[in-house]
Participant: 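Below you'll find the structure I mean.
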Amino acid sequence: MRAARLPEHPAENDVALPTFSVIIPTFNEAEDIGDTLDAVLNQRLPAMEIIVVDGGSTDGTLELLRRRAESAPIVVIDEGRRRGVAAARNTGIRAATGSVVVILNADVMPEPGFLERLTFTYRGSTGMVSVNARVMNLDAAPGRYLQAEHSLLFPEDRVGWTEGFSCRREAALAALFPEEIPGLGGEDVEFFERLRNAGTEWKVDYTIVVPHRVPGTMRGFWRQWRWRGNAIPYIETRLRARSLAFATVRRAGAAAASLFLAAMLLPNGRKAYRRALQSPRGMRDLPVFWVLLHMQVAAHRYGEWQTLRTLWRDRRAAA
């Protein structure tokens, strides 16, 4: 492993530098995980360890990881079955030995100076750090849409969880991800809120930008937002301890509101317009952004009702 070369910060020379454990959950990530590992291994300040937790991949991801681990400081944990991204992250946190855990998805490619710059953000009592994110595949309309939405909805003073989120390992062990949310969506925000509720000091450094890929097709975009919708009923019933009937009524209200807004051209047209203003293609993206806006909402609502149907079926089966 290469020796760390850090920029000069005379005022901090006497401060113990953090050590980083990078945690990456995987499930059928053979297409992207190699690039993510390359990006982490090419850091100017090497990570103390790279922990990849695989949840029963069937596309060759695990075999790829094991080959890479033969020649690189990569710890591969095979869980053997898909327990969900929250459970995989918890497994990685428990196995970590660094003072700071950095949580990456398998489509994130941090730039070479990422950990080096993060080192000096962890000074004093800083317990967790949010950084900026940038979509890499802006050649695809869903990529431009999601980057525009990020720029519009998540200015520095409002961002919590982001790509490249990190926190002190001790704080993570005390909070851990909520495994009650089995889907892809919501568990990271809940983790962030647990840390804040525990009094963990939060710092935002938006000058650190972490590139990542997003689904570049309409099908992938739909799947992503359906997954996020899947999580909402679990959050309400398992984390908020609300009744299934209450969650169903709330989701019905959200669906009715979405249908109403879809019928009103002006509000959604304004939303699409504001996102198009953030796009490098400007108003040329307005029509496709209008379509993606409606797809996003529809997929989210569809995912919610998928989960509600499952929960009601499980209740009837248990009765």
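Only a predicted model underlies this, so the values are computations on that prediction, with no experimental measurement involved.
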Participant: Please walk me through it: do I208 and N132 pass side-chain contact (heavy atoms from CB on, under 4.5 Å)?
Facilitator: CA-CA 6 Å; I208 301 175; N132 204 348; over 6 Å; no

Participant: Would you say W290 has more than 12 foreign heavy atoms packed within less than 6.0 Å of its CH2?
Facilitator: no

Participant: Without swapping roles, check the side chain of S99 against the backbone of T19 for a donor-acceptor pair under 3.5 Å.
Facilitator: yes

Participant: Do V101 and F20 have side-chain heavy atoms sitting under 4.5 Å apart?
Facilitator: no

Participant: Are any of the side-chain heavy atoms of E111 and Q43 separated by less than 4.5 Å?
Facilitator: no

Participant: State, yes or no, whether a side-chain contact exists between I181 and R238 at a heavy-atom distance under 4.5 Å.
Facilitator: no

Participant: Using a 4.5 Å cut-off on heavy atoms from C-beta on, say whether the side chain of Q224 contacts that of R228.
Facilitator: yes

Participant: Does the pair R240/E190 count as a salt bridge with the N-to-O cut at 4.0 Å?
Facilitator: yes

Participant: Is the shortest side-chain heavy-atom distance between P178 and Y234 below 4.5 Å?
Facilitator: no

Participant: Does E149 reach the side chain of L152, with side-chain heavy atoms less than 4.5 Å apart?
Facilitator: no

Participant: Kindly confirm or rule out a cation-pi arrangement of R309 over W312, judged by NZ or CZ under 6.0 Å from the six-membered ring centre and within 45° of its axis?
Facilitator: no

Participant: Is the backbone N or O of G98 less than 3.5 Å from a side-chain atom of S21, with the two atoms forming a donor-acceptor pair by type?
Facilitator: yes

Participant: Look only at the side chain of N105 and the backbone of D107, and say whether a donor-acceptor pair between them is shorter than 3.5 Å.
Facilitator: no

Participant: To the nearest 0.5 Å, what is the distance between CZ (R123) and OG1 (T126)?
Facilitator: 7.0 Å

Participant: If you look at every heavy atom in A30 and L64, which pair is closest and at what distance?
Facilitator: O-CD1, 4.1 Å

Participant: What's the verdict on salt bridge (Lys or Arg N to Asp or Glu O under 4.0 Å) for R68 and D38, showing C-alpha distance, side-chain angles and the deciding distance?
Facilitator: CA-CA 10 Å; R68 295 295 300 267; D38 286 342; 2.7 Å; yes

Participant: Charged N to carboxylate O below 4.0 Å: is that the case for E163 and R134?
Facilitator: no

Participant: Honestly, is R226 close enough over Y302, meaning NZ or CZ under 6.0 Å from the six-membered ring centre and within 45° of the axis?
Facilitator: no

Participant: If you group Ile, Leu, Val, Met, Phe, Trp and Tyr by side-chain heavy-atom gaps below 4.5 Å, do W225 and W222 land in one group?
Facilitator: yes

Participant: Can you pull the ring pair (Phe, Tyr, Trp, His ring centres under 6.0 Å) pairs that have at least one residue in residues 249-289, sequence neighbours excluded?
Facilitator: Y145-F289

Participant: Report the C-alpha separation of D139 and R144 in whole Å, then their side-chain angles, then the decisive distance to 0.1 Å, and conclude whether the salt bridge (Lys or Arg N to Asp or Glu O under 4.0 Å) test is met.
Facilitator: CA-CA 7 Å; D139 56 321; R144 295 194 301 277; over 6 Å; no

Participant: Checking S279 side chain against R281 main chain: does a donor-acceptor pair fall under 3.5 Å?
Facilitator: yes

Participant: Between atom CD of Q296 and atom CG of L293, what is the distance when rounded to the nearest 0.5 Å?
Facilitator: 6.5 Å

Participant: Quick one: does any side-chain atom of T26 pair with a main-chain N or O of E29 as donor and acceptor, under 3.5 Å?
Facilitator: no

Participant: When you check the gap from the basic side-chain N to the acidic O, do R83 and E79 get nearer than 4.0 Å?
Facilitator: yes

Participant: For a quick test of reading the model, state the closest non-hydrogen atom pair linking M136 to P211 and the distance between them.
Facilitator: CG-CB, 3.4 Å

Participant: If hydrophobic clusters are built by linking Ile, Leu, Val, Met, Phe, Trp and Tyr wherever their side-chain heavy atoms come under 4.5 Å apart, do L45 and I50 end up in the same one?
Facilitator: yes

Participant: Hey, quick one: are F154 and L195 part of the same hydrophobic cluster, counting side-chain heavy atoms closer than 4.5 Å, chains of contacts allowed?
Facilitator: yes

Participant: For V108, does its backbone N or O pair with a side-chain atom of T36 as donor and acceptor, under 3.5 Å?
Facilitator: yes

Participant: Under a 4.5 Å cut-off applied to non-hydrogen side-chain atoms, are R89 and D188 in contact?
Facilitator: yes

Participant: Could you pull out the closest heavy-atom pair between L41 and A72, with the gap in Å?
Facilitator: CD1-CB, 3.9 Å

Participant: Quick one, R250 with R242, criterion side-chain contact (heavy atoms from CB on, under 4.5 Å). Give me CA distance, side-chain angles, the key distance, then yes/no.
Facilitator: CA-CA 11 Å; R250 285 203 68 181; R242 291 166 178 157; 3.1 Å; yes

Participant: So, are D285 and R275 salt-bridged, with charged N and O less than 4.0 Å apart?
Facilitator: no

Participant: Please check if L146 and V189 belong to a single hydrophobic cluster, counting links between Ile, Leu, Val, Met, Phe, Trp and Tyr side chain heavy atoms closer than 4.5 Å.
Facilitator: no

Participant: Mind listing the closest non-hydrogen atom pair of V102 and G164 along with its distance?
Facilitator: CG1-O, 4.4 Å

Participant: Is the closest basic N to carboxylate O distance between E304 and R301 below 4.0 Å?
Facilitator: yes

Participant: With no hydrogens and no angle check, do the side chains of T207 and R117 hold a donor and an acceptor under 3.5 Å apart?
Facilitator: yes

Participant: What's the shortest heavy-atom distance between A88 and V53, and which atoms?
Facilitator: O-CG2, 3.6 Å

Participant: Residues in side-chain contact (heavy atoms from CB on, under 4.5 Å) with A174, at least two apart?
Facilitator: none

Participant: Would L62 and D78 count as a side-chain contact (heavy atoms from CB on, under 4.5 Å) if you check the C-alpha gap in whole Å, the side-chain angles of each, and the deciding distance to 0.1 Å?
Facilitator: CA-CA 8 Å; L62 189 57; D78 176 15; 3.4 Å; yes

Participant: Is it possible for you to say whether F114 and V129 belong to one hydrophobic cluster, with membership spreading through side-chain heavy-atom contacts below 4.5 Å?
Facilitator: yes

Participant: Knowing that exactly one of L104, L65, D32 qualifies, which makes a side chain to side chain contact (heavy atoms under 4.5 Å, CB included) with L37?
Facilitator: L65

Participant: If I take atom CD1 from residue I23 and atom CG from residue N90, how far apart are they, to the nearest 0.5 angstrom?
Facilitator: 9.0 Å

Participant: Are the side chain of N230 and the backbone of G303 linked by a donor-acceptor contact shorter than 3.5 Å?
Facilitator: yes

Participant: Does the side chain of T310 pick up a donor-acceptor pair with the side chain of Q306 at under 3.5 Å?
Facilitator: no

Participant: Within the side chain of T61, is there an N or O that forms a donor-acceptor pair under 3.5 Å with the backbone of S57?
Facilitator: no

Participant: About how many Å separate CG of L308 and CZ of R251, when rounded to the nearest 0.5 Å?
Facilitator: 8.0 Å

Participant: Decide yes or no on side-chain contact (heavy atoms from CB on, under 4.5 Å) for V22 and I51, but give the supporting numbers first.
Facilitator: CA-CA 6 Å; V22 176; I51 302 172; over 6 Å; no

Participant: Is there side-chain contact between T217 and P142, with heavy atoms separated by less than 4.5 Å?
Facilitator: no

Participant: Is there a donor-acceptor pair under 3.5 Å between the side chain of T162 and the backbone N or O of V131?
Facilitator: yes

Participant: Taking all non-hydrogen atoms of both residues, which atom of G143 and which atom of V135 are closest, and how far apart?
Facilitator: O-CG1, 3.6 Å

Participant: What distance do D35 atom CG and M109 atom CE have between them, rounded to the nearest 0.5 Å?
Facilitator: 4.5 Å

Participant: Between E201 (side chain) and G127 (backbone), is there a donor-acceptor pair under 3.5 Å?
Facilitator: no

Participant: What distance separates C167 SG from F191 CZ, expressed to the nearest 0.5 Å?
Facilitator: 4.0 Å

Participant: We want to know whether Y122 and S166 form a side-chain donor-acceptor pair, criterion being a heavy-atom distance below 3.5 angstrom.
Facilitator: yes

